[in-house]
S.K.: 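Please read through the structure below; I'll follow up with questions.
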Amino acid sequence: MLIAGNWKMFKGAHEARQFATTIRHLPERMAGVDVVVCPPWTSLEATIAGLGKSAVRVYAQNVHWELEGPFTGEASAPMLLELGVTGALVGHSERRQYFGETDETVRLRAESALEAGLAVIACVGETADERQAGEMQQVLERQVSVLPRHERLVIAYEPVWAIGTGLTATPDLAQEAHSFVRSLHDAPVLYGGSVKPENAAGLLAQPDVDGALVGGASLDALDFEAICQAAAQAA
Ligand code: PGA
């Protein structure tokens with residue numbers, strides 16, 4: 001089981017460091033659960049410092065495919081590795097919706113990050129309109145087909161209509177989508193979209209749900225711990 005907290009654009013360096021000291025002992029109490037946090041760029045170093053020797057791993061929220069160059073606003077895999085960052089999210093729906101991320105750039109980011117030695121959580125998922133139009137499978141097929149096969153690649157299924165909305169896929173809907181993603185790719189599949197302490201156990205109990213990518217609830221130490229606990233019970 002993998003529980004990854006996506007902090008999005010929350011927690012500056014000072015707050016991140018304090019939060020890291022609060023959660024750094026989590027893995028010792030959670031047998032069978034890998035814990036990851038994804039702070040914003042400016043808080044990566046402070047989070048790593050606050051975690052000390054903890055088994056909690058730190059991933060970035062994005063990574064560029066070139067090693068260096070004139071790419072304003074971006075950071076490369078070697079730059080992240082130098083800080084002690086061990087992985088990155090790619091293709092989050094907020095990147096796709098607001099920052100022009102495409103399947104092709106997601107592919108480039110994932111491939112070069114894996115090649116450089118980072119782990120990757122690649123996000124896929126349909127919008128409400130696509131689901132209503134009966135296009136869920138088509139969308140997932142398109143997004144998953146570009147992802148490389150690699151032992152350090154994990155897929156996160158995040159239905160866009162469930163992100164930050166409080167609407168969660170029911171465990172049955174999640175299972176159905178996860179088993180479809182599984183039929184396309186052999187990577188572990190995390191569920192994401194309004195995962196909370198109240199719904200985590202039901203989602204994580206599904207046979208094809210290998211963990212969760214948690215946004216809002218990962219900003220609160222007690223909520224995040226409760227979700228890790230649910231994962232330990234399901235592991
Ligand atoms: P949420 O975000 O848990 O706040 O819905 C999930 C995500 O965007 O990864």
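The basis for the numbers below is simple: all heavy atoms, side chains too, and nothing from hydrogens, waters or symmetry mates. Both counts, for ligands and for their atoms, begin at 1 and track the order of listing.
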S.K.: Give the atom numbers and elements of ligand 1 that come within less than 4.0 Å of a heavy atom of A162.
M.R.: 5 (O)
S.K.: Do I163 and ligand 1 have an N or O pair less than 3.5 Å apart?
M.R.: no
S.K.: Please check if atom CZ in F10 has more than 12 non-hydrogen atoms from other residues, nucleotides or ligands closer than 6.0 Å.
M.R.: no
S.K.: Under a 4.0 Å heavy-atom limit, does S218 contact ligand 1 with its side chain, its backbone, both, or neither?
M.R.: neither
S.K.: Mark up the atoms of ligand 1 that fall under 4.0 Å of a heavy atom belonging to G215, in ascending order.
M.R.: 1 (P), 2 (O), 3 (O), 4 (O), 6 (C)
S.K.: What do you reckon, does S194 put a non-hydrogen atom under 4.0 Å from ligand 1?
M.R.: yes
S.K.: Quick one: do the D103 and Q143 side chains pair a donor with an acceptor below 3.5 Å?
M.R.: no
S.K.: Using a strict cut-off of 4.0 Å, indicate which atoms of ligand 1 neighbour a heavy atom of E158.
M.R.: 6 (C), 7 (C), 8 (O), 9 (O)
S.K.: In ligand 1, which numbered atoms sit nearer than 4.0 Å to a non-hydrogen atom of L213?
M.R.: 9 (O)
S.K.: Determine whether a donor-acceptor pair (N or O, by modelled atom type, separation under 3.5 Å) exists between the side chain of T102 and the backbone of T105.
M.R.: yes
S.K.: Run the side-chain donor-acceptor check on residues 216-229: report pairs under 3.5 Å with partners two or more places apart or on a different chain.
M.R.:
from, atom 1, to, atom 2, distance (Å)
S218, OG, V214, O, 3.2
S218, OG, G215, O, 2.7
D220, OD1, L222, N, 3.0
D220, OD1, D223, N, 2.9
E225, OE2, R29, NH1, 2.7

S.K.: Is there a side-chain contact between I48 and E45, using heavy atoms and a 4.5 Å cut-off?
M.R.: no
S.K.: Show which atoms of ligand 1 fall inside a sub-4.0 Å distance from at least one heavy-atom site of H92.
M.R.: 7 (C), 8 (O), 9 (O)
S.K.: Within the structure, does G164 bring an N/O atom to less than 3.5 angstrom of an N/O atom in ligand 1?
M.R.: yes
S.K.: For E126 and W161, does a side-chain donor sit closer than 3.5 Å to a side-chain acceptor?
M.R.: yes
S.K.: Decide whether an N or O pair under 3.5 Å exists between T165 and ligand 1.
M.R.: no
S.K.: Is there a path from V120 to V189 through hydrophobic residues (I, L, V, M, F, W, Y) whose side chains come within less than 4.5 Å of each other?
M.R.: yes
S.K.: So, does R152 use its side chain to make a donor-acceptor pair with the main chain of L114 at under 3.5 Å?
M.R.: yes
S.K.: What atoms in ligand 1 come closer than 4.0 Å to a heavy atom of G216?
M.R.: 1 (P), 3 (O), 4 (O)
S.K.: I need the atoms of ligand 1 closer than 4.0 Å to a non-hydrogen atom of G193, numbered in the order shown.
M.R.: 5 (O)
S.K.: Which of the atoms of ligand 1 are close to N6, meaning less than 4.0 Å from one of its heavy atoms?
M.R.: 9 (O)
S.K.: Are the charged groups of R109 and E74 less than 4.0 angstrom apart, N to O?
M.R.: yes
S.K.: Got an N/O contact under 3.5 Å between K8 and ligand 1?
M.R.: yes
